[in-house]
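Presented below is the structure to which this report refers.
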Amino acid sequence: MAQLKPAVLLAVSLCCLSALLPWCAAASYGGKPLVTAITKDAATKLYTAPLKDGRPLVLDLSGPLIWSTCPPKHPSFECHHHVCAHAHSYHPPGCPRTGHGVADDDDPFRCKCTAHPYNPIARKSGSGDLTRVTVTANDTDGTNPLRPVSFPAVAACAPHSLLAKLPAGAVGVAGLARSRVSLPAQAARAQKVANKFALCLPSGGQGVAIFGGGPLFLLPPGRQDVTTTLAGTTPLRRNPGHPGYFISAKGIAVNQEKVQQGPLVVGLSSRIPYTELRSDVYGPVVKAFDKATAERKRVTPPVPPFELCYDSRELGSTRLGYAVPQVDLMLESGATWMLFGANSMVQVNDNTACFGFVKMAKEEKGAPAVVIGGFQMENNLLVFDEEKKQLGFSSLLFGRQTTCSNFNFTLGA
Ligand SMILES: *[C@@H]1O[C@H](CO)[C@@H](O)[C@H](O)[C@H]1NC(C)=O
Ligand SMILES: *[C@@H]1O[C@H](CO)[C@@H](O)[C@H](O)[C@H]1NC(C)=O
């Protein structure tokens, strides 16, 4: 053990130095952003991207790690390596704080880093070696994919059983959260681009993500870069113990009337299909929507998990989806995240559409007031900017006569 110490000290001090010296700390931009296609899995309503040797990983806004199954022979890291500490900066619920900084039982001179990958759908964690996998994507000018790019990324190995409940064919999870070993952070270092990413979740067809943040041009041709014409931005906030994305809202309005007074903690999650509201928020929001749609023809009993369902043939359509009252999140910055019919009404069968917000099932202490789910993010461009610590949003792209499925995936020149 004593023989290891100088090397450890050196590693620690180099790591501190590089954090202090701006020219070491990933300041040299100049590479090209990476683009990947996003597919929504019909069965699980999760979103995947073909990021691991062309095979799909589930995108997880709340996950701090990339993880996948590993072949028997794979590279590993020492338990004292700084990436091992990063891989341990967040622990899945109920997971022991072991796996880094401690030598192997059988050989005190060797230590292998173990990580704790977490499957958020099955709500299970496992243990596996920290390793490197090959991440694959294309670089992009924002208009087309240009050339295939791959880079080695730090990832955790997971037992095969940890793939339970993920979409068929998925080989793991790509954590997009706010850690040093998330996919966006590693893509930024590998490509020498900004630590930010643009996420455009599809309702069907292929959506798009750009690591490096942009530009992003959607068809029809000749349109402006969506990332520079955002509807608003708001600061990203931290929620202790959670590596995911949180913002703060001053209130919620339904049909322009404020029904909930802030400040409210709002999380964003690609793990849940529909926005979840804490019970004290759910009640007033549903009541207000019910009142504002009193004249509309209902479908009873409603189709679970929803409480308000309507005869969709009589709702009336607009460019922004069914003509229903707007739900507004009034954000800390003063910007408003507006939810129109396309993001509030879920078509549950041919003639029925339901108000797509659900009550939070299990409320842990300090639970956010709102967790925005996949359906409410679809066809909105979101820019998660870790450098400016802010979230940017386009609002529903239908308003600009485009969708998240309008990236031109034909290889460009
Ligand atoms: C790169 O882009 C091409 C053209 O769209 C696509 O066929 C290929 O699958 C992409 N590669 C990756 C790794 O996403
Ligand atoms: C998509 O990109 C390709 C390659 O640049 C181009 O030839 C094609 O016209 C584009 N498609 C549309 C609909 O603009």
Side-chain angles (χ1 to χ4, degrees), residues 31-41 46-61 63 65-71 131-155 163 166-176 182-193 196-229 270 379 381-382 384 394 397-398 400-413:
K32 280 202 172 71
L34 297 181
V35 66
T36 190
I38 300 177
T39 306
K40 183 178 186 179
D41 179 61
L46 295 169
Y47 305 89
T48 66
L51 289 160
K52 194 199 168 200
D53 287 326
R55 298 207 284 165
L57 296 178
V58 174
L59 299 177
D60 182 8
L61 281 173
L65 281 176
I66 302 171
W67 65 258
S68 183
T69 50
C70 289
T131 188
R132 282 188 200 281
V133 298
T134 303
V135 167
T136 49
N138 285 292
D139 64 10
T140 182
D141 54 5
T143 304
N144 295 100
L146 299 177
R147 287 165 316 183
V149 168
S150 59
F151 65 90
V154 174
L163 298 177
L166 297 188
V171 295
V173 167
L176 305 177
S182 69
L183 177 63
Q186 297 200 66
R189 289 196 293 273
Q191 286 297 108
K192 298 193 167 35
V193 291
K196 60 180 180 174
F197 65 100
L199 185 69
C200 211
L201 297 178
S203 53
Q206 287 196 318
V208 58
I210 295 195
F211 298 98
L216 172 61
F217 298 93
L218 295 170
L219 295 171
R223 295 301 181 83
Q224 279 183 297
D225 171 8
V226 195
T227 65
T228 59
T229 53
S270 53
N379 293 309
L381 176 78
L382 299 173
F384 297 85
S394 67
L397 292 170
F398 298 176
R400 308 171 185 223
Q401 275 134 356
T402 189
T403 75
C404 282
S405 307
N406 274 0
F407 187 76
N408 185 348
F409 276 105
T410 306
L411 279 182

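Given the structure is predicted, the values throughout are model-derived calculations rather than measurements. We count ligands from 1, going down the list as the structure has it; atoms in each ligand are counted the same way. Values below: every heavy atom of this structure, side chains too, minus hydrogens, waters and symmetry copies.
Counting heavy atoms from C-beta on, the side chains of Leu199 and Leu61 come closer than 4.5 Å. Between Val193 and Phe211, the closest side-chain pair of non-hydrogen atoms is not below 4.5 Å. A 4.5 Å side-chain heavy-atom check between Gln191 and Leu34 finds at least one atom pair inside the cut-off. Side-chain contact between Trp67 and Leu163: present, with at least one pair of heavy atoms (C-beta onward) separated by less than 4.5 Å.
By the criterion of a heavy-atom distance under 4.0 Å, neither the backbone nor the side chain of Pro148 is placed next to ligand 1. Under 4.0 angstrom from ligand 2, the non-hydrogen atoms of Leu219 all belong to its side chain.
Among the atoms of Asn138, some N or O lies under 3.5 angstrom from an N or O of ligand 1. At under 3.5 Å, not a single nitrogen or oxygen of Thr410, backbone or side chain, sits near a nitrogen or oxygen of ligand 2. Checked against a 3.5 angstrom limit, the closest N/O atoms of Ala137 and ligand 1 fall outside it.
A donor-acceptor pair shorter than 3.5 Å can be found between the side chains of Thr229 and Arg400.
When each of Cys404, Cys200, Ser394 is paired with Val226, the side chain to side chain contact (heavy atoms under 4.5 Å, CB included) condition holds for Ser394 and for no other.
In this structure, Arg223 places its CZ atom where more than 12 heavy-atom neighbours from other residues, nucleotides or ligands lie under 6.0 Å away.
At the shortest separation from atom 5 (O) of ligand 2 among protein heavy atoms lies Asn144 OD1, 3.3 Å. For atom 8 (C) of ligand 2, the nearest non-hydrogen atom of the protein is Asn408 ND2, 3.7 Å.
If you number the atoms of ligand 1 from 1 as listed, the ones under 4.0 Å from a heavy atom of Phe409 come out as 4 (C), 5 (O). Counting the atoms of ligand 2 from 1 in the order shown, those under 4.0 Å from a heavy atom of Pro221 are 14 (O).
Using a 4.0 Å threshold on non-hydrogen atoms, atom 2 (O) of ligand 2 counts as touching the protein.
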